[in-house]
Amino acid sequence: MPPQKGVRGPTRSPLPEAALAAARAAIDGETPRRDRLIEYLHRLQDAHGALFADHLAALAEAMKLARAEVFEVATFYHHFDVVGEGQTPPPALTVRVCDSLTCAMHGGVELAQALAGRLGAGVRVQRVPCVGRCDCAPVAVVGQNPVVKADEDTVAAVVASGERTEPPPVIVDFDAYRAAGGYRLFEAVREGARSGEEIITALEAASLRGLGGAGFPSARKWRSVMAQPAPRNMAVNIDEGEPGTFKDRHYLGSDPHRFIEGMLIAARVVGIAAIWIYIRDEYPALRHMLHAELDKVRAAWPDLPPIEVRRGAGAYVCGEESGMIESIEGKRGMPRLRPPYVAEVGVFGRPTLVHNPETLWWVRNIVEYSLEGKDWLDGRGRNGRKGLRSFSVSGRVALPGVVVTDAGITLRQLIDEHCGGMLPGHELYGYFPGGASGGILPASLADVPLDFDTLAPYGCFIGSAAIVVFSQYDKARLLAENAMHFFAHESCGQCTPCRVGTDKAARLMAAPKWDAGLLDELGQAMMDASICGLGQAAPNPMRSVLRFFPHEVGAPVTTEKEGAQ
């Protein structure tokens with residue numbers, strides 16, 4: 001049949017009514033918004049178990065988008081299962097088993113293999129990156145229900161029980177928080193009893209820095225955004241996907257309103273018009289809790305700027321602030337080139353204040369002490385450093401968890417004073433001071449202060465302060481390989497040095513003897529030319545092994561002293 005006159009290309013068959021109805025249900029009566037595409041995709045997958053081709057086409061039609069535009073977003077994120085025409089959908093239940101650093105050390109890979117054989121064809125078992133519960137390794141997630149310190153029997157029992165959702169966290173809720181003096185500082189700022197300058201001056205005096213990894217001075221960030229023309233936006237990054245990191249889950253799962261109050265104070269001082277909270281998909285109970293508690297906050301102060309909670313979809317790269325902003329806007333989470341910086345051009349092209357939750361969590365404490373004429377950090381800090389630091393500690397220690405203690409504490413002091421020492425029979429061999437991307441240090445450097453700027457001479461950084469401790473029963477090379485496979489899996493693919501470099505490095509690192517010269521050259525190219533921190537930091541564990549553990553990979557032993565080059 002010849003094409004109709006005036007029509008370019010082949011005509012499409014009408015979509016089934018069931019697909020159109022699925023798209024309408026996903027939009028849920030809203031006026032369709034391009035920036036909410038990922039939210040609609042989540043609703044489709046939650047309702048139907050996967051993203052089917054005709055459902056995606058119907059969603060594109062309802063949103064007046066090209067089908068390719070919807071498809072490219074859906075296929076970018078790991079948690080979306082796109083089923084093409086004629087393809088078999090995944091089983092109704094997926095069990096995700098973490099195989100990142102700490103879980104791998106505690107048998108996560110072997111657990112996944114055993115479960116795949118035991119649970120049968122009706123259950124899909126996936127090996128997945130860090131799920132943010134490294135203190136309870138190994139972890140398996142049944143549907144959306146995490147099983148901590150998991151073994152075959154406990155996971156099989158949860159699968160059989162039908163329990164698919166995570167229990168709600170036990171928190172200090174809105175009423176309890178207010179009864180204990182919460183939100184008084186916010187109300188003082190809101191009513192003009194406390195000026196924005198007082199707040200910022202207190203943060204400057206406390207030297208509060210961004211605690212998501214970059215360590216940028218918070219007061220300077222507030223001032224830089226304030227200097228930009230209105231309207232200004234704000235984005236909170238709760239996408240802590242760095243293997244070894246779980247402190248944001250700890251704070252939000254216990255005292256969330258301390259974070260929310262800090263967020264509202266920042267918004268008031270900086271003059272924020274709208275707020276987006278971006279939370280990783282692996283924290284479903286926290287997401288539901290935030291929705292409920294924010295409703296109470298809005299009821300108390302109806303004139304607050306709009307606050308939206310956005311659900312991530314499994315992409316580590318969205319922990320990078322501009323990648324997160326792209327995702328908030330309903331796009332693939334590909335980091336942006338700089339300049340311009342997000343403080344100038346952020347969410348929807350407006351100046352944007354970006355923080356992680358822990359940074360905002362400390363605002364109330366810092367300011368209240370300052371207004372009383374006290375220095376809340378007085379006497380806190382060691383080895384020439386000042387202040388407090390939150391450490392996510394996991395691995396071969398007796399008591400893993402979040403430790404809040406002096407900035408500048410050493411790894412040896414941290415283990416002995418706060419983690420109950422090493423596990424019985426284990427001796428310290430090495431550690432990651434800043435998660436998978438922060439590099440690796442040997443036991444001989446366990447007395448280096450752990451803080452911003454102290455680890456650079458050793459080719460490492462503290463980042464989000466995710467401390468992963470390993471012993472004589474572990475191999476640094478295997479942990480570095482694990483980290484590089486993670487980076488290769490999570491690369492967004494936008495830039496060649498990262499996309500090709502991480503994959504090439506992972507394959508080279510599988511050799512019994514490493515080609516030190518080639519790996520070093522490859523790592524330098526990735527660090528120099530990658531667009532964002534993922535590619536720039538990915539070589540750190542590999543280079544650490546060549547520097548501090550050369551005997552494991554047959555590399556030449558350097559004659560330099562362990563320390564600054």
(message) Under a 4.0 Å threshold between the charged nitrogen and the carboxylate oxygen, would R223 count as salt-bridged to E197?
(response) yes
(request) Please examine the side chains of L441 and L455, heavy atoms only from C-beta on, and report whether any two atoms are closer than 4.5 Å. (result) yes
(request) Would you kindly say whether Y283 and E166 are connected by a side-chain donor-acceptor distance under 3.5 Å? (result) no
(request) Using a cut-off of 6.0 Å, state whether more than 12 heavy atoms not belonging to F216 lie near its atom CZ. (result) yes
(message) Check R249 with D135, please: is the shortest side-chain N to carboxylate O separation under 4.0 Å?
(response) yes
(message) Looking at N540 and S437, would you say the former's side chain and the latter's main chain have a donor-acceptor pair under 3.5 Å?
(response) yes
(request) Have a look at Y177 and tell me which of E261, R258, H257 forms a side chain to side chain donor-acceptor pair (under 3.5 Å) with it. (result) E261
(request) Indicate whether the side chain of Y77 and that of S327 have a donor and an acceptor atom separated by less than 3.5 Å. (result) yes
(message) Between E198 and S195 (side chain of the first, backbone of the second, donor and acceptor by atom type, cut-off under 3.5 Å), is there such a pair?
(response) yes
(message) To the closest 0.5 Å, what do you measure between CD (E293) and CZ (F259)?
(response) 12.5 Å
(message) Under a 3.5 Å threshold, yes or no: a donor from one side chain and an acceptor from the other, between Q524 and D520?
(response) no
(message) Please determine whether a side-chain nitrogen of the Lys or Arg among R338 and E321 lies less than 4.0 Å from a carboxylate oxygen of the Asp or Glu.
(response) yes
(request) Go through the side-chain N and O atoms of T359 and N356 and say whether any donor and acceptor fall under 3.5 Å apart. (result) yes
(request) Evaluate the side chain to side chain contact (heavy atoms under 4.5 Å, CB included) criterion for residues C498 and L534: first the C-alpha distance (whole Å), next the side-chain angles of each, then the deciding distance (0.1 Å), finally the verdict. (result) CA-CA 8 Å; C498 177; L534 192 158; 3.5 Å; yes
(request) Give me the one residue out of R385, R382, R389, K386 that meets salt bridge (Lys or Arg N to Asp or Glu O under 4.0 Å) with D406. (result) R382
(message) Check this for me: does any side-chain nitrogen of one of D35 and R310 sit under 4.0 Å from a carboxylate oxygen of the other?
(response) yes
(request) Look only at the side chain of Q494 and the backbone of P335, and say whether a donor-acceptor pair between them is shorter than 3.5 Å. (result) yes
(request) State, yes or no, whether a side-chain contact exists between V317 and M334 at a heavy-atom distance under 4.5 Å. (result) no
(request) For the pair R287 and E282, find out whether any cationic side-chain nitrogen is under 4.0 Å from an anionic carboxylate oxygen. (result) no
(message) Can you confirm whether H78 sits close enough to E490 that some side-chain heavy atom of one is under 4.5 Å from a side-chain heavy atom of the other?
(response) yes
(message) Is a donor from one side chain sitting under 3.5 angstrom from an acceptor on the other, for Y251 and S390?
(response) yes
(request) Before accepting this row, confirm whether a basic side-chain N of the pair D453/R209 lies closer than 4.0 Å to the acidic partner's carboxylate O. (result) yes
(request) Give a yes or no answer on whether the side chain of S370 reaches the backbone of I366 with a donor-acceptor pair at less than 3.5 Å. (result) no
(message) Which residues pass the ring-ring contact (aromatic ring centres under 6.0 Å, His included) test with Y278, not counting sequence neighbours?
(response) none
(request) Without swapping roles, check the side chain of T454 against the backbone of P449 for a donor-acceptor pair under 3.5 Å. (result) yes
(request) Kindly indicate whether the side chain of I277, heavy atoms from C-beta on, has any atom under 4.5 Å from the side chain of L294. (result) yes
(message) Heavy-atom count check: over 12 atoms from other residues, nucleotides or ligands less than 6.0 Å from E72 CD?
(response) yes
(message) One thing to verify: whether K296 and D175 come together as a salt bridge, which I'm taking to mean a side-chain N less than 4.0 angstrom from a carboxylate O.
(response) no
(message) Tell me the closest heavy-atom pair linking P231 and P351, and the distance in Å.
(response) O-CD, 3.6 Å
(request) Verify, without hydrogens or angle tests, whether S530 (side chain) and C532 (backbone) share a donor-acceptor contact under 3.5 angstrom. (result) no
(request) Scan side-chain atoms only and decide if H355 and W222 contain a donor-acceptor pair under the 3.5 Å cut-off. (result) yes
(message) With a 4.5 Å cut-off on side-chain heavy atoms, are R190 and L264 touching?
(response) no
(request) Using a strict 4.0 Å threshold on nitrogen-to-oxygen distance, state whether E308 and R36 make a salt bridge. (result) yes
(request) May I ask you to say whether R43 pairs ionically with D46, meaning some side-chain N is under 4.0 Å from a carboxylate O? (result) no
(request) Check the pair F432 / I467 against side chain to side chain contact (heavy atoms under 4.5 Å, CB included), numbers first and verdict last. (result) CA-CA 6 Å; F432 289 75; I467 312 294; over 6 Å; no
(message) Are the side chains of C460 and S544 in contact, using a 4.5 Å heavy-atom criterion?
(response) yes
(request) Keeping the roles fixed (side chain from E240, backbone from D248), state whether a donor-acceptor pair exists under 3.5 Å. (result) yes
(message) Using the salt bridge (Lys or Arg N to Asp or Glu O under 4.0 Å) definition, which of the options R33, R350, R336 pairs with E329?
(response) R336
(message) So D239 and Y316, do their side chains get closer than 4.5 Å, heavy atoms only?
(response) no
(request) Supply the atom-to-atom distance L290 CG to I238 CD1, rounded to the nearest 0.5 angstrom. (result) 5.5 Å
(request) Go through the side-chain N and O atoms of S491 and T502 and say whether any donor and acceptor fall under 3.5 Å apart. (result) no
(message) For E69 and R34: C-alpha separation, side-chain torsions, deciding distance, then whether salt bridge (charged side-chain N to carboxylate O under 4.0 Å, His left out) applies.
(response) CA-CA 10 Å; E69 196 170 356; R34 173 65 180 81; 3.0 Å; yes
(request) Answer yes or no: is there a donor N or O on one side and an acceptor on the other, between the side chain of Y40 and the main chain of P32, under 3.5 Å? (result) no
